Protein chains: 2
Amino acid sequence: MTRNTAEVTPTQLQAYFAFTEVSSLLRHAVEKQLRDAGDLSYVQFQLLATLGDSPDGRLRMTDLADRVVYSRSGLTYQAQVLEGRGLVTRAPSSDDERSVVVALTSAGRDVLGAVFPGHIDALHRLLFSSLTDADIADLARILQRAADHLRADPPRSAAPRRRKA
Amino acid sequence: MTRNTAEVTPTQLQAYFAFTEVSSLLRHAVEKQLRDAGDLSYVQFQLLATLGDSPDGRLRMTDLADRVVYSRSGLTYQAQVLEGRGLVTRAPSSDDERSVVVALTSAGRDVLGAVFPGHIDALHRLLFSSLTDADIADLARILQRAADHLRADPPRSAAPRRRKA
DNA sequence: TATTGTTATACTCTATAACTATA
DNA sequence: TATAGTTATAGAGTATAACAATA
């Protein structure tokens, strides 16, 4: 009987369960929208959006894998798929011949543009419409802190590889 | 140029991105813990935990699929796996001969018990340790509301099937 | 006719390990 | 020796559609 599950308050449990439920339901809905609007999987959208967010729309493979929390081989697979659809290009870095730089193409930006409005609409309908502005501000503040904390942990794309330092 | 992505405030975007980041990082960490501690996938844990939460530890297939947001065939697959490992049983319902009732076995409860402490520890370390009690209470309140709203939408386990009424 | 669940199938995704090339 | 990325492989998971049985 390992019934001693440390200390968890009911409020903590409620927060956690609500979080996972929102996460799951939102994820399903968003996945459907992305599939319908742009024939993108969630990971593919994350990859394109991450590239779109970065300066020049380009990132090294490993950096991209780190941000999306993905294995290197998994990223290679998806990068091939996206390249095959003309949404990204891959080219060796001039700085470091070992590195490959993934860059968003204009077609990739178009797809992102085609998908984003519906994505936002879904967010409004599913999430924001039920919350006040103050709630949303609280959420942003709290989750930003949690994200910063989580990111500090070292869950690197490939386990056996260490960080830069 | 569908550049009119409706109205999204920076705060909303921040809330959304932080939410997805926390969700993704937490999910990865928790999946690893579940795999290590009980050789369970995330979905399998959700299924066992949902059964454990319900009265008598038993639910009909469709009800279980609905709660975990899962396709019927996907649940059949996982139920077979879990039954093969002796963690659940399946038996036809006496009320309705069409229905199958899935029940948690004592071995299933043991696995849940073996996995839960580490699960809680991970939550503490990854999530709660970075937040104040007030933050957690806010989170619980806000996300509970969001979850209620999302659940009201009809994202049933199998699309072509309607709800009870 | 509607609902419950299973099966057959086909596909997407994912990670691990081995490998090549560059630093 | 360490790092960047690819490939080969093999397995897990998922959904759709067709099906059988019961209500």
Side-chain angles (χ1 to χ4, degrees), chain A residues 24 27-28 31-32 34-36 39-47 58-66 68-85 88-102 155-165, chain B residues 24 27-28 31-32 34-36 39-47 59-66 68-85 88-103 155-165:
Chain A
S24 173
R27 173 74 170 254
H28 274 266
E31 268 178 351
K32 174 160 173 42
L34 292 173
R35 183 68 65 192
D36 292 348
D39 195 32
L40 293 177
S41 71
Y42 192 73
V43 172
Q44 287 165 354
F45 172 72
Q46 281 187 300
L47 293 172
R58 43 178 63 240
L59 280 173
R60 295 191 323 150
M61 289 289 283
T62 297
D63 293 333
L64 187 52
D66 277 356
V68 182
V69 191
Y70 213 51
S71 73
R72 289 169 286 141
S73 66
L75 178 55
T76 296
Y77 170 78
Q78 293 293 0
Q80 282 169 346
V81 171
L82 293 174
E83 189 179 38
R85 289 172 55 179
V88 304
T89 58
R90 286 188 295 172
S93 165
S94 46
D95 298 356
D96 185 337
E97 288 288 330
R98 295 172 303 182
S99 298
V100 167
V101 174
V102 187
R156 236 259 172 140
S157 53
R161 295 192 173 181
R162 287 201 334 283
R163 281 210 169 273
K164 51 201 172 194
Chain B
S24 174
R27 172 76 171 254
H28 275 266
E31 270 178 349
K32 174 162 173 41
L34 292 173
R35 182 70 63 193
D36 293 347
D39 194 31
L40 292 177
S41 71
Y42 191 73
V43 171
Q44 288 164 355
F45 172 71
Q46 282 187 300
L47 294 173
L59 280 173
R60 295 192 323 149
M61 289 288 283
T62 297
D63 294 333
L64 187 51
D66 277 356
V68 182
V69 190
Y70 213 52
S71 72
R72 288 170 286 143
S73 67
L75 177 56
T76 295
Y77 170 78
Q78 293 292 0
Q80 282 169 347
V81 171
L82 293 174
E83 188 179 39
R85 288 171 56 179
V88 304
T89 58
R90 285 187 294 172
S93 166
S94 46
D95 297 357
D96 184 338
E97 288 287 331
R98 296 172 302 180
S99 297
V100 167
V101 173
V102 188
R156 237 253 174 144
S157 54
R161 295 192 174 182
R162 288 200 336 280
R163 281 206 170 275
K164 52 200 170 195

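Quick caveat: nothing in here was measured; it's all calculated off a predicted structure. Quick note on labels: first sequence line is chain A, next is B, and so on, each numbered from 1. No hydrogens, no waters, no symmetry mates; every other heavy atom, side chains included, goes into these values.
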Nearest-Å distance, CG (D66(A)) to C1' (dT3(D))?
-> 13 Å

Using a cut-off of 6.0 Å, state whether more than 12 heavy atoms not belonging to R58(A) lie near its atom CZ.
-> no

Please figure out whether D95(A) or V100(B) has its closest DNA chain C nucleotide nearer the 5' end.
-> V100(B)

May I ask you to evaluate whether R60(B) reaches the phosphate of dT4(C), defined as a side-chain N or O under 4.0 Å from OP1 or OP2?
-> yes

Which nucleotide in the list dT22(D), dT6(C), dA2(D) gets nearest to the side chain of D96(B)?
-> dT22(D)

Measure from the side chain of S73(B), starting at C-beta and using heavy atoms only, and say which of dT6(C), dT6(D), dT16(D) lies closest.
-> dT16(D)

Between dT22(C), dC13(C), dT6(D), which nucleotide gets closest to the side-chain atoms of S41(A)?
-> dC13(C)

In whole angstroms, the gap separating C1' of dT12(C) from OH of Y70(A) amounts to 10 Å

Atom CD of Q46(A) to atom P of dT14(C): distance rounded to whole Å?
-> 10 Å

Could you tell me whether E31(B) and R27(B) make a salt bridge, using a distance below 4.0 angstrom between a side-chain N and a carboxylate O?
-> yes

Side chain of Y77(B) (C-beta onward), nearest among dT22(D), dT14(D), dA4(D) = dT14(D)

Report the distance from atom CG of L40(B) to atom P of dA12(D), rounded to the nearest whole Å.
-> 14 Å

Do any side-chain nitrogens or oxygens of Q44(A) fall under 4.0 Å of OP1 or OP2 in dT12(C)?
-> no

Distance in angstrom units between L47(B) CG and dG13(D) P, rounded = 11 Å

d(CD, E83(A); C1', dG5(D)) in whole Å | 13 Å

Distance (rounded to the nearest 0.5 Å) between L75(B) CG and Q80(B) CD = 10.0 Å

If you check the R98(B) side chain, which of dT22(D), dT22(C), dG5(D) turns out closest?
-> dT22(D)

Side-chain N or O of Q80(A) less than 4.0 angstrom from OP1 or OP2 on dT7(D)?
-> yes

Pick base, sugar-phosphate or nothing for S93(A), based on heavy-atom distances below 4.0 Å to the nucleic acid.
-> nothing

N or O in side chain of Q78(A) less than 4.0 angstrom from dT12(C) OP1/OP2 | no

Round to the nearest Å and state the distance from R72(B) atom CZ to dT14(D) atom C1'.
-> 14 Å

Gap between atom CD of Q78(B) and atom CD of Q46(B) - 0.5 Å precision | 10.5 Å

For dT3(C), take OP1 and OP2 only and decide whether either is under 4.0 Å from a side-chain N or O of S99(B).
-> no

Which pair of heavy atoms, one from G74(A) and one from S71(A), lies closest together, and at what distance?
-> N-OG, 3.0 Å

Please give, in whole Å, the distance from dA4(D) C1' to D63(A) CG?
-> 11 Å

Heavy atoms under 4.0 Å, any strand shown: does V81(B) hit a base, just sugar-phosphate, or nothing?
-> nothing

Does OP1 or OP2 of dT6(D) have a side-chain N or O of R90(A) closer than 4.0 Å?
-> yes

When you measure from the side chain of T62(B), which nucleotide among dT16(D), dT3(D), dT4(C) comes out closest?
-> dT4(C)

Heavy-atom closest contact (L34(B) atom, S41(B) atom, distance) = CD1-O, 4.4 Å

